[in-house]
There are 2 protein chains.
Amino acid sequence: MARPLTPKLSPAVIADEALAMVDQAGEFTIPALAARLKVSASSLYNHVSGKADIIELMRGRTVAGIALPEPAGDAAGGDWIGTIRAIAVEYRRAYAEHPRLIPLFTAYTVRDPSTLRMYEVLAQVFSAAGFAPRRTLGAITVLDSFVLGSALDAAAPEQVWEAVPGAGAALQDALRDGPGGPDRAEAAFRYGLELLLAGFGREAAAS
Amino acid sequence: MARPLTPKLSPAVIADEALAMVDQAGEFTIPALAARLKVSASSLYNHVSGKADIIELMRGRTVAGIALPEPAGDAAGGDWIGTIRAIAVEYRRAYAEHPRLIPLFTAYTVRDPSTLRMYEVLAQVFSAAGFAPRRTLGAITVLDSFVLGSALDAAAPEQVWEAVPGAGAALQDALRDGPGGPDRAEAAFRYGLELLLAGFGREAAAS
DNA sequence: ACCTGAACACCGTTCAAGT
DNA sequence: ACCTGAACACCGTTCAAGT
């Protein structure tokens, strides 16, 4: 039984199974992935070029669901801050759904079209709000850094913050209070995002 | 020649050599590390418990140089925002010196004493500035996420942002302007940090 | 105590062979 | 076109053996 009538594999099938592995184990391996797909390891290479390719496919699957607002209409009068907020929240939510995936592609270059399209929309919005090109790049970089850092923070919430015997009194106080886990990470993200948006708003008003 | 009179290895020697490998290649491997140290791979296990241990040692070496300010004196009157700025800048600078290291330990839990001490100092400063414990934790999380995200951004600056054929006009404009590489990442970090600090300042003033 | 060499289980990838 | 099995170079780790 060498070639089946209908193919057992496809890039999408491979990426989804790898995504499921990463969600539950934090990593994936070509042989283990092949086993889960009931296929030999070498079969995968008929559909993907290698492990890096699979990771890039996973990124695409994660980000593809993000709905980007249409920025065309609201040149200067529209709620451009609301547009940026919506993008940042969606972007972060998409990553937070697969938190253990993030460390995997911090090492790789972004080539995913959805991600690049999102950068483009952000650039349009900042430009329309009156940001010079250089300031636009800075603002996008700040947003991107914060979203990615926040998603990373959500990836290992309990272990990083809880049960730290070396922690001093002030840190212990802070840790005891408030919610832990995903809620803490989400709340902190919202808090920091509003600080950044307020700063963007003041900058636009000043120009 | 089984056992030399003076040991050829130590945790520090191993970590430094691994750091040099990561700085220049972006990764390291036990056999290659052993070869650079002119030692057999199994020798390393007399000094470290494994690869994860080496990564934790590298984190310690990277962060150990951070000089933490004494927060005791400036309870409410002192320049607490300046203290936080100094910590964040130092923290980010330490990571940015070894940018390719960052993806390696995003997957691991922080146990490094220097890092925990830094969190404690931040907690003291925010508390003294009038932040309730819950707000203190939120502020630290925001800072930490932004610093880590910014350092990550610095890890792959050119590839991520330049030469993206799919990029639209607004993004191209932003990319053409201003500095590229480390300067861009550094400037964006400073920009975002000031936005966050301004937000912290307004929150403290309001309470 | 510290280094060596052999060994083990595993990884990612290639490739001729099958249909 | 698509799957298989064998093969390759490599990885991280263990462990008995040496001094």
Side-chain angles (χ1 to χ4, degrees), chain A residues 1-60 100-101 103-109 111, chain B residues 1-60 100-101 103-109 111:
Chain A
M1 190 231 301
R3 177 156 102 86
L5 308 90
T6 160
K8 309 166 79 170
L9 297 179
S10 72
V13 167
I14 293 171
D16 283 344
E17 195 70 36
L19 208 44
M21 287 185 73
V22 169
D23 282 345
Q24 81 179 68
E27 57 180 3
F28 80 100
T29 233
I30 300 280
L33 174 57
R36 282 178 63 130
L37 290 165
K38 297 187 185 310
V39 134
S40 112
S42 52
S43 298
L44 301 176
Y45 291 82
N46 289 301
H47 305 269
V48 298
S49 70
K51 191 168 189 177
D53 191 20
I54 297 176
I55 290 174
E56 222 16 51
L57 285 170
M58 287 194 283
R59 194 205 300 265
R100 313 186 71 175
L101 185 59
L104 286 189
F105 47 55
T106 49
Y108 293 79
T109 299
R111 261 180 258 281
Chain B
M1 192 230 300
R3 178 158 100 86
L5 307 92
T6 160
K8 309 165 77 170
L9 297 179
S10 71
V13 167
I14 293 171
D16 284 343
E17 194 70 36
L19 208 43
M21 288 185 72
V22 170
D23 282 345
Q24 83 178 66
E27 58 180 3
F28 81 100
T29 234
I30 300 281
L33 175 57
R36 282 177 63 127
L37 291 166
K38 299 189 185 306
V39 135
S40 111
S42 52
S43 299
L44 300 178
Y45 290 83
N46 289 301
H47 304 270
V48 299
S49 71
K51 190 167 190 178
D53 191 19
I54 296 176
I55 290 174
E56 225 11 56
L57 285 170
M58 288 194 282
R59 195 206 299 265
R100 314 186 70 174
L101 185 58
L104 287 190
F105 47 53
T106 49
Y108 293 79
T109 300
R111 259 179 261 281

Exercise. Is the shortest side-chain N/O distance from A/T29 to OP1 or OP2 of C/dG12 below 4.0 Å?
Worked result: yes
Problem set entry | Closest to side chain of B/L9, choosing from D/dC3, C/dG12, C/dC3 | C/dC3
Exercise. Is the phosphate of D/dA1, meaning OP1 or OP2, less than 4.0 Å from a side-chain N or O of A/H47?
Worked result: no
Exercise. B/E17 and salt bridge (charged side-chain N to carboxylate O under 4.0 Å, His left out): which partner among B/K8, B/K38, B/R36?
Worked result: B/R36
Exercise. Which base sits across from D/dT4 as a Watson-Crick or G-U pair, both distances under 3.5 Å?
Worked result: C/dA16
For this session: Kindly point out which of D/dC3, C/dT13, C/dC11 is positioned nearest to the side chain of A/A41?
Result: C/dT13
For this session: Return the nearest nucleotide to the side chain of B/Y45; candidates are D/dT4, D/dT13, C/dC3.
Result: D/dT13
Exercise. According to the Watson-Crick and G-U wobble definitions, with both distances under 3.5 Å, which nucleotide is paired to C/dC11?
Worked result: none
Exercise. A/I14 has an atom CD1; how far is it from atom P of C/dG12, in whole Å?
Worked result: 14 Å
Exercise. Out of C/dT4, D/dA6, C/dG12, which has the shortest distance to the side chain of A/K51?
Worked result: C/dG12
Problem set entry | Reported CE-to-CZ distance for the pair A/M21 and A/F28, which is rounded to 0.5 angstrom | 8.0 Å
Exercise. Among D/dC2, D/dC15, C/dC3, which nucleotide sits nearest the side chain of A/P7?
Worked result: D/dC2
For this session: For the side chain of A/P31, starting at C-beta, report the closest nucleotide among C/dC11, D/dG12, D/dT4.
Result: C/dC11
Problem set entry | Along DNA chain C (nearest heavy atom to each residue), the more 5'-positioned of A/A32 and A/S49 | A/A32
Exercise. Where is the tightest heavy-atom contact between A/A15 and A/L57, given as atom of each residue plus distance?
Worked result: CB-CB, 3.8 Å
For this session: State, yes or no, whether a side-chain contact exists between B/D53 and B/Y45 at a heavy-atom distance under 4.5 Å.
Result: no
Exercise. Where the side chain of A/S43 is defined as all heavy atoms beyond and including C-beta, which of D/dC3, C/dT4, C/dT13 is the nearest nucleotide?
Worked result: D/dC3
